[in-house]
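Worksheet: one structure, shown below.
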Amino acid sequence: MKRQVYTSLLAWKNLPPTRRKPLILEGARQTGKTWLARELGKREFDSFVEVNFEQMTELRPLFETNFDLNRILMSIQAFAGKKIEPGKTLLFFDEIQFARRGLLSLKYFLDQMPELHIIAAGSLLGLIDHKDDSFPVGKVSFIHVYPLCFAEFLDAIGRGGLVDMLKSGDYVAINTFSATYTDLLRQYYYVGGMPEAVNTFASQMDYNAVRQVHTEILKS
């Protein structure tokens with residue numbers, strides 16, 4: 001699945017260390033934040049290390065003692081079984097809200113190890129209420145991950161050519177396909193842009209299956 005926001009992630013990745021800050025991926029649940037971080041790590045880096053603080057409960061106290069980055073990275077490497085090399089590794093902190101002082105640690109990564117690419121993501125980050133925690137104001141960058149837009153939806157269901165036509169600005173040709181665009185827009189209105197719903201529709205073309213995905217997301 002192609003996501004337009006990936007271009008912004010690439011731009012962040014290619015910034016020089018003096019300008020690049022740890023990145024926080026914002027957005028609702030199930031919009032693809034974790035998938036995007038994994039894709040970036042797989043495509044653009046020699047190695048990718050993911051720490052999910054919701055699942056890896058042993059690492060939740062990682063930042064409580066101090067912000068000694070050598071100790072922190074040594075612990076992560078031992079747990080993940082992978083070496084972390086600044087400039088070559090993407091380190092991803094998922095569900096960072098489960099780690100006390102996890103967000104604050106990003107300040108120290110920026111100050112002490114700016115060469116390391118680090119991304120954090122989580123749910124309800126603005127509602128964290130950890131004692132003695134503070135937000136690293138001015139020490140992080142943000143990218144908001146939204147559900148798929150109409151163009152991304154078209155590409156996902158195999159109609160990327162229609163996206164190219166829209167971008168061309170050839171309104172005579174576009175008008176020729178106006179009925180097709182209208183029908184596809186109606187489909188998009190029903191399916192929406194949540195990645196799982198779009199993938200389900202693309203593979204099954206079944207509105208009932210899409211509605212089941214919607215129901216599960218809403219219940220969750």
Side-chain angles (χ1 to χ4, degrees), residues 1-15 20 23-45 48 50 52 54 90 92 94-97 117 119-127 140-220:
M1 180 177 290
K2 296 180 181 178
R3 298 301 308 270
Q4 293 179 1
V5 71
Y6 191 82
T7 303
S8 298
L9 291 174
L10 272 182
W12 168 81
K13 182 257 181 186
N14 292 325
L15 285 171
R20 187 183 61 248
L23 179 65
I24 293 179
L25 294 181
E26 300 179 292
R29 285 182 177 271
Q30 302 298 314
T31 52
K33 300 185 295 295
T34 300
W35 181 86
L36 282 164
R38 289 172 178 169
E39 283 295 295
L40 186 73
K42 180 174 66 176
R43 295 183 188 180
E44 312 297 338
F45 290 85
F48 174 70
E50 177 178 347
N52 186 313
E54 182 177 22
L90 174 61
F92 177 45
D94 201 6
E95 302 296 353
I96 195 171
Q97 75 277 5
H117 293 77
I119 293 178
S123 305
L124 305 175
L125 294 181
L127 300 179
V140 294
S141 298
F142 299 89
I143 291 179
H144 199 102
V145 180
Y146 294 95
L148 277 72
C149 68
F150 182 49
E152 291 173 312
F153 171 78
L154 290 177
D155 189 76
I157 64 173
R159 304 304 295 269
L162 293 174
V163 178
D164 295 335
M165 186 179 295
L166 287 174
K167 291 179 178 179
S168 73
D170 185 348
Y171 294 105
V172 174
I174 292 170
N175 188 59
T176 302
F177 288 89
S178 61
T180 300
Y181 282 117
T182 300
D183 182 57
L184 290 169
L185 188 59
R186 289 195 181 103
Q187 293 179 16
Y188 175 65
Y189 286 160
Y190 183 88
V191 175
M194 298 301 273
E196 185 182 358
V198 175
N199 274 333
T200 298
F201 184 70
S203 61
Q204 302 181 34
M205 290 296 170
D206 184 341
Y207 289 110
N208 290 325
V210 169
R211 179 54 68 194
Q212 181 62 36
V213 171
H214 290 165
T215 301
E216 290 172 356
I217 291 175
L218 286 170
K219 286 184 177 180
S220 297

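For the single chain, residues carry numbers from 1 onward in sequence order.
- How far OG of S8 is from CG of L25: 10.5 Å, rounded to the nearest 0.5 Å.
- A donor-acceptor contact shorter than 3.5 Å links the side chain of Y181 to the backbone of L162.
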Table please: side-chain donor-acceptor pairs of residues 33-45 below 3.5 Å, with sequence neighbours left out.
residue	atom	partner	partner atom	Å
K33	NZ	G27	O	3.2
K33	NZ	A28	O	2.8
T34	OG1	D94	OD2	2.7
R38	NE	E50	OE1	2.9
R38	NH2	E50	OE1	3.4
R38	NH2	E50	OE2	3.0
E39	OE1	R43	NE	3.1
E39	OE1	R43	NH2	3.0
E39	OE2	K42	NZ	3.0
E44	OE2	Y6	OH	2.9

- Take L148 and D155, measure what side chain to side chain contact (heavy atoms under 4.5 Å, CB included) needs, and give me the verdict at the end. CA-CA 10 Å; L148 277 72; D155 189 76; over 6 Å; no
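- L23 has its side chain within reach of L9: a pair of non-hydrogen atoms, C-beta onward, lies under 4.5 Å apart.
- The 12-atom threshold is exceeded at CZ of F142, counting heavy atoms of other residues, nucleotides or ligands nearer than 6.0 Å.
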- Task: Start with the C-alpha gap between M194 and T31, add the side-chain angles, then the distance that decides, and say whether side chain to side chain contact (heavy atoms under 4.5 Å, CB included) holds.
- Result: CA-CA 6 Å; M194 298 301 273; T31 52; 4.1 Å; yes
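- Between F150 and F153, the ring planes are parallel. Angles under 30° get that label, and only those over 60° would be called perpendicular.
- From I217, atom CD1 reaches atom CD of Q212 across 10.5 Å, with rounding to the nearest 0.5 Å.
- In this structure, CE in M165 is found 9.0 Å from OG1 in T180, a value given to the nearest 0.5 Å.
- Residues H144 and V5 approach most closely at O-CG2, 4.1 Å, considering heavy atoms.
- Of the N and O atoms on the side chains of Q187 and D183, at least one donor lies less than 3.5 Å from an acceptor on the other residue.
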- Item | Derivation and outcome, side chain to side chain contact (heavy atoms under 4.5 Å, CB included), residues R29 and S220 | CA-CA 9 Å; R29 285 182 177 271; S220 297; over 6 Å; no
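- Atom OH of Y171 sits in a sparse spot, with 12 or fewer heavy atoms from other residues, nucleotides or ligands closer than 6.0 Å.
- The CD1 atom of I119 sits 11.5 Å away from atom CD1 of I96, with the distance rounded to the nearest 0.5 Å.
- By the salt bridge (charged side-chain N to carboxylate O under 4.0 Å, His left out) test, R3 is found to be paired with E152, residues two or more places apart in sequence or in another chain being considered.
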- Item | Candidate pair T200 and D206, rule side chain to side chain contact (heavy atoms under 4.5 Å, CB included), full reasoning | CA-CA 8 Å; T200 298; D206 184 341; over 6 Å; no
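- Across all non-hydrogen atoms, the minimal contact from P195 to G32 is CG-N, 4.3 Å.
- Between the H117 side chain and the N14 main chain, no donor and acceptor come within less than 3.5 Å of each other.
- Separation of atoms OG (S203) and CD1 (I157) is listed at 12.0 Å; rounding is to 0.5 Å.
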